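Take a look at the structure set out below.
Quick caveat: nothing in here was measured; it's all calculated off a predicted structure. All chains are named by letter (A, B, ...) in the order of the sequence lines, taking the proteins before the strands, and each is independently numbered beginning at 1.
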2 protein chains.
Amino acid sequence: MTDQTDLRLTPQRMAVLEVLRAADDHPTAAEVYERVRRASPGIGSATVYRTLALLVSTGRALELTLGDGAAARYDANTRRHDHAVCDGCGRAVDLDHPVPDGMMAEIARRSGFAITGYDLQFRGLCPDCQGSDRQTTPSEGALHAEA
Amino acid sequence: MTDQTDLRLTPQRMAVLEVLRAADDHPTAAEVYERVRRASPGIGSATVYRTLALLVSTGRALELTLGDGAAARYDANTRRHDHAVCDGCGRAVDLDHPVPDGMMAEIARRSGFAITGYDLQFRGLCPDCQGSDRQTTPSEGALHAEA
DNA sequence: GTGATACTGAGAGTCGTTCTCAATGAAGCC
DNA sequence: GGCTTCATTGAGAACGACTCTCAGTATCAC
């Protein structure tokens with residue numbers, strides 16, 4: 001994406017990137033801040049927010065809004081991928097299943113948009129929540145239920 | 001969706017629903033509040049937020065998070081549909097192009113999720129912004145650029 | 001070493017949203 | 001009609017997430 005020069009790799013930025021790479025649960029900015037503080041107790045929240053924005057803008061991380069109305073989440077996996085979000089426990093897992101190019105072209109043709117990307121989240125119940133049936137608030141009708 | 005009884009149709013709720021039905025631009029809750037106040041100046045913001053949540057939970061409206069990190073948006077079009085969001089002007093338009101059932105089944109099989117729905121937004125430039133090239137902040141890399 | 005610039009932490013401020021609570025009003029019963 | 005019950009309301013405080021400001025610090029090029 002944008003050029004990767006002009007980016008000073010300070011200890012604080014390294015710490016944020018490390019936390020993001022070590023996480024497999026798509027942490028929110030507040031969670032990243034909390035984890036970074038364990039390694040670098042003196043770091044400020046503004047620095048974490050700034051660094052996350054920087055990592056996103058330079059293509060080193062992805063910002064996700066998982067449609068639950070909550071805070072943005074971050075993902076160090078910058079390969080093209082989608083997400084499945086569990087209505088029971090809120091967990092989000094990565095999916096490798098790109099939208100077919102033909103579908104993108106069809107959308108572009110019908111809407112007149114010059115499509116540059118998309119954002120796709122499936123919702124449902126993860127295997128754990130299906131088994132234990134510990135579905136708390138199924139956010140019924142939240143966005144696009146009963147597809 | 002859920003039962004439509006047990007919902008008292010007060011003037012305030014009517015006003016919110018009217019605003020939502022008259023809007024074709026997916027207003028935020030704050031925008032809905034502002035428009036409702038023109039018709040019912042005495043209405044409070046809590047009432048508008050409560051009513052929007054109620055309309056969503058009873059299936060009379062959809063809540064959208066268009067991935068721009070901004071506030072939730074609302075849509076009185078409750079038919080199954082997706083959105084295309086312009087990176088130039090931020091406008092969101094409705095799309096009628098459901099994800100193929102086969103793809104949903106494939107995702108469910110691979111992830112182990114019991115998929116109940118999905119949320120799909122395309123991003124790019126609307127015809128107007130392509131023409132005038134007045135793209136301000138293309139939110140580059142925001143979620144899933146360069147698909 | 002010096003000056004310019006990028007970066008930092010602290011904390012106040014902003015924004016969108018939710019919560020609390022007393023007042024109001026509609027429905028149901030007698 | 002009078003009473004009770006309970007849903008609904010508006011006002012405003014509170015909350016969480018995030019951004020902005022600013023003075024101090026670190027790093028770079030020369």
Side-chain angles (χ1 to χ4, degrees), chain A residues 2-17 19-20 26-58 60-61 63-74 90 137 139 142-143, chain B residues 2-17 19-20 26-58 60-61 63-74 90 137 139 142-143:
Chain A
T2 44
D3 56 0
Q4 311 229 341
T5 61
D6 202 21
L7 176 66
R8 205 176 285 175
L9 217 52
T10 66
Q12 290 87 346
R13 289 177 181 178
M14 287 286 282
V16 171
L17 197 50
V19 162
L20 224 47
H26 308 87
T28 63
E31 284 163 353
V32 172
Y33 174 44
E34 196 177 323
R35 293 176 201 182
V36 169
R37 264 204 306 184
R38 281 184 220 145
S40 315
I43 199 168
S45 66
T47 302
V48 172
Y49 278 99
R50 266 188 301 241
T51 303
L52 285 171
L54 190 74
L55 294 175
V56 168
S57 74
T58 57
R60 287 175 173 85
E63 189 184 48
L64 316 172
T65 50
L66 294 183
D68 49 0
R73 294 170 176 276
Y74 294 87
T137 52
S139 74
L143 262 170
Chain B
T2 43
D3 57 359
Q4 310 231 340
T5 60
D6 201 22
L7 176 66
R8 204 176 287 172
L9 219 51
T10 66
Q12 291 88 346
R13 290 179 179 174
M14 287 285 283
V16 171
L17 197 51
V19 163
L20 224 48
H26 308 88
T28 63
E31 284 163 355
V32 171
Y33 174 42
E34 197 178 321
R35 293 175 200 181
V36 169
R37 264 205 306 185
R38 282 184 220 144
S40 315
I43 199 168
S45 67
T47 301
V48 171
Y49 279 98
R50 267 189 300 241
T51 302
L52 285 171
L54 189 75
L55 293 176
V56 168
S57 75
T58 56
R60 287 175 172 84
E63 188 184 48
L64 316 171
T65 50
L66 294 182
D68 50 359
R73 293 169 176 276
Y74 294 87
T137 51
S139 72
L143 263 170

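Nearest heavy-atom pair, Tyr49(A) versus Ala30(A), reported as atom, atom and distance to 0.1 Å: OH-N, 4.3 Å. Nearest heavy atoms, Pro27(B) versus Val32(B): CG-CG2, 3.7 Å. Considering every non-hydrogen atom in both Arg8(B) and Arg13(B), the closest pair reads O-NH1, 2.9 Å. Contact between Ala29(B) and Val48(B) at its shortest, heavy atoms only, is O-CG1, 4.2 Å.
With rounding to the nearest 0.5 angstrom, the CG atom of Leu17(B) is 10.5 Å from the CG atom of Leu54(B). The OH atom of Tyr74(A) sits 4.0 Å away from the CD atom of Glu63(A) when rounded to the nearest 0.5 Å. Rounded to the nearest 0.5 Å, atoms OG1 (Thr51(A)) and CG (Leu20(A)) are 10.5 Å apart. Note that CG of Leu55(A) and CZ of Arg60(A) are 7.0 Å apart. Values are rounded to the nearest 0.5 Å.
At the phosphate of dC18(D), OP1 or OP2 sits under 4.0 Å from a side-chain N or O atom of Tyr49(A). Phosphate proximity of dT9(D) to Thr10(B): present, with a side-chain N or O under 4.0 Å from OP1 or OP2.
End-to-end axis angle of the helix from dG1(C)-dC30(D) to dC30(C)-dG1(D), using five pairs per end and rounding to 10°, comes to 30°.
Within residues 32-39 of chain B, no residue has any heavy atom under 4.0 Å from DNA chain D.
To the nearest angstrom, P of dT8(C) lies 5 Å from CD of Gln12(A). The nearest whole Å value for the distance from the CD1 atom in Ile43(A) to the P atom in dA10(C) is 10 Å. Nucleotide dT18(C) holds its P atom 13 Å from the CG atom of Leu54(B), rounded to whole Å. Atom pair Leu9(A):CG and dT8(C):P shows a separation of 10 Å (rounding to whole Å applied). Between Met14(A) atom CE and dC7(C) atom P there is a gap of 15 Å when expressed in whole angstrom units.
Distances from the side chain of Ala46(B) to the nucleotides dG12(D), dC18(D), dC7(C) place dG12(D) closest.
Residue pairs meeting the side-chain hydrogen bond (donor to acceptor under 3.5 Å, both in side chains) criterion with at least one member in residues 28-43 of chain A, sequence neighbours excluded: Asp25(A)-Arg35(A).
Residues passing the salt bridge (charged side-chain N to carboxylate O under 4.0 Å, His left out) test with Arg50(B), sequence neighbours excluded: none.
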Requested in this report: Determine, for nucleotides 22-30 of chain D in 5'-to-3' order, which nucleotides have protein heavy atoms under 4.0 Å from the base (write B), from only the sugar-phosphate (write S), or from neither (write -).
Outcome: -----S---
